[in-house]
Every structure is written in structure tokens, then in C-alpha cells.
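The figures here come from the full heavy-atom set of this structure, side chains too, leaving out hydrogens, waters and symmetry mates. The shown structure was predicted, so the numbers you read here are calculated from the model rather than taken from an experiment.
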Amino acid sequence: MMWGAKMIKNGSKERRQRFVSGCVLTVLVLVLILYNLKNNRHFLDATLVSCITLWVAAVLSYSVTRRNTDKRKQKEILESIITEVQSAMSCKYMYDFSGYTDTTEITLIKRAISNKMEILGSYAERFGFLKKMKQLNSSFDEYNEFIGDHIHSLEYLKQSKKELKRPLDIIDTILCDIRISLYD
């Protein structure tokens, strides 16, 4: 309990220090402005050209910042989709079909992952991971093909853990690589 009380005190002390620093900085800036106004009568004089230049600079900086923020948000969304696909692919039920009695569940899971991968594929060129996306699709096609070839033999799929796990491991590695390359 004592440790928690110290942390609260330290947190409020930091806030108090930031507030005091901000007030001192504001007062300092106001003093400098007043000094310049008193000693330099042309301090607030501005031409139309300087006003337009300032306005253009403000608009450009705002639009560039907004564009970069939007792109960063898209990367975060793509990263969350990659995380969803990775967590689905790394689950035991993706290669161990011993708990299944019906192949419909398998088909639904594959379709859900396929939909997420299509979303990733639609942004692959824009974010520079098109080659990795082709590798990803190739490994996923290998996984789908193996299941498709043996979908009517659930017993064979239950015994094929190694064959099913291999493309999933490759997919996981490629997804890690894509996730890292998003922020290059």
C-alpha cells in the first residue's frame, strides 16, 4: 500500500513541475513579446506576401501531417489484420483436426482467413510487400490444396499434422516479415 501512495505522490509532483514549467515559459514568451513591442514599433507589421507565405506553410504542414497520420493509421489496421491471421494460423486447430467431426468447420475457418488475406493483398502494392504477399498466397494455396485433396477423408487429415503445420509455419514467418516491413 505504501508503494502505491508514493507512486501517486510522484505522479502529482511531475504534473506540478510540468505546470510550473509551462507557466514560466508562457510568462517568458509574454515578456519577450512586450519588450519587442515597446522597442521595435514594426514588430507586428506584416506584408501581404508574408501573411500568404505563413498561411501556405501552415496549410501544407497540416496536410502533410494529416496524410502521414492517415497512412500510419492504415499501417496499424493492416498490422492488426496480420495479427489476427497469425493468431488464427498458429492455433492448434489449424493443423490438428482430431477435434473435428465435420469438415464444414474447416471450410469456414479457411474462408475467414482467406478473406483477411484478400484484404492484405489489396494493400500489398501500396505498402510495398507485393512479393511477400505472393509467397504468402503460395503457402496458403499449398495448405488449402492439401486440405482440399483430402477433405473427404477426415481421418487422413487428422493424421497429417506435420504436412499441415509446414505451410502454416512458413505463413507465420512471412507475416512477421510483412509486419516489420510495414514501418520501413
Side-chain angles (χ1 to χ4, degrees), residues 1-92 94 109 111-137 139-140 168-184:
M1 199 64 150
M2 188 69 152
W3 181 78
K6 285 182 182 178
M7 290 301 292
I8 290 172
K9 269 188 168 179
N10 289 341
S12 63
K13 185 178 180 181
E14 287 177 24
R15 278 186 279 191
R16 199 173 324 128
Q17 286 175 342
R18 273 191 257 146
F19 176 74
V20 169
S21 304
C23 288
V24 169
L25 186 62
T26 303
V27 168
L28 185 63
V29 168
L30 287 173
V31 167
L32 287 174
I33 288 173
L34 291 173
Y35 175 79
N36 275 320
L37 281 172
K38 183 179 179 186
N39 294 328
N40 184 0
R41 294 194 182 267
H42 302 292
F43 180 67
L44 291 178
D45 290 348
T47 63
L48 180 63
V49 173
S50 63
C51 290
I52 291 173
T53 304
L54 181 62
W55 181 78
V56 168
V59 168
L60 284 176
S61 64
Y62 173 77
S63 63
V64 168
T65 303
R66 183 173 177 180
R67 184 175 152 260
N68 287 341
T69 303
D70 290 347
K71 195 167 187 177
R72 176 95 176 157
K73 184 66 177 168
Q74 283 180 332
K75 287 179 180 182
E76 289 172 1
I77 292 169
L78 284 175
E79 186 176 12
S80 71
I81 292 171
I82 290 170
T83 302
E84 287 177 31
V85 172
Q86 272 185 309
S87 63
M89 291 291 204
S90 63
C91 287
K92 188 176 179 181
M94 291 299 292
I109 292 168
R111 189 173 300 138
I113 292 172
S114 180
N115 291 341
K116 298 281 185 185
M117 288 183 50
E118 282 182 34
I119 293 170
L120 286 176
S122 65
Y123 290 94
E125 188 173 353
R126 184 183 311 167
F127 288 99
F129 59 91
L130 189 60
K131 183 179 176 185
K132 293 172 189 165
M133 194 66 207
K134 288 179 182 177
Q135 294 170 340
L136 187 67
N137 285 332
S139 294
F140 192 64
L168 294 176
D169 288 340
I170 293 170
I171 289 169
D172 186 57
T173 303
I174 294 169
L175 287 171
C176 283
D177 197 20
I178 290 173
R179 178 186 281 170
I180 291 169
S181 71
L182 280 176
Y183 296 100
D184 281 346

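By the 4.5 Å heavy-atom criterion applied to side chains, T69 and K73 are not counted as neighbours. Residues L182 and E76 fail the side-chain proximity criterion, which asks for heavy atoms closer than 4.5 Å.
Contact record, S63 with L60: OG-O, 3.0 Å, taken as the closest heavy-atom pair. Across every non-hydrogen atom of E79 and Y183, the tightest pair is OE1-OH, 3.0 Å. The minimum heavy-atom distance between L136 and I174, with the atom names listed, is N-CD1, 3.8 Å.
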Name every donor-acceptor pair, under 3.5 Å, that has one atom in a side chain of residues 123-132 and the other anywhere in the protein, sequence neighbours excluded.
none

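Distance CG/N68 to CZ/R66: 12.5 Å, rounded to 0.5 Å. To the nearest 0.5 Å, the span separating NZ on K75 from OG on S181 amounts to 9.0 Å. Here the CG atom belonging to L78 is positioned 9.0 Å from the CD1 atom belonging to I119, to the nearest 0.5 angstrom. A distance of 8.5 Å separates CE of M94 from SG of C91, quoted to the nearest 0.5 Å. Taking CG from L168 and OG1 from T173, the interatomic distance works out to 11.0 Å, rounded to the nearest 0.5 Å. Between I178 atom CD1 and Q86 atom CD the span is 9.0 Å, to the nearest 0.5 Å.
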Could you go step by step and tell me if L175 and R179 meet the side-chain contact (heavy atoms from CB on, under 4.5 Å) rule? CA-CA 6 Å; L175 287 171; R179 178 186 281 170; over 6 Å; no

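Under the rule for a salt bridge (charged side-chain N to carboxylate O under 4.0 Å, His left out), the partners of K92 that lie at least two apart in sequence or sit in another chain are D96. In terms of the salt bridge (charged side-chain N to carboxylate O under 4.0 Å, His left out) criterion, residue partners of K116 (sequence neighbours excluded) are, by chain and number, E84.
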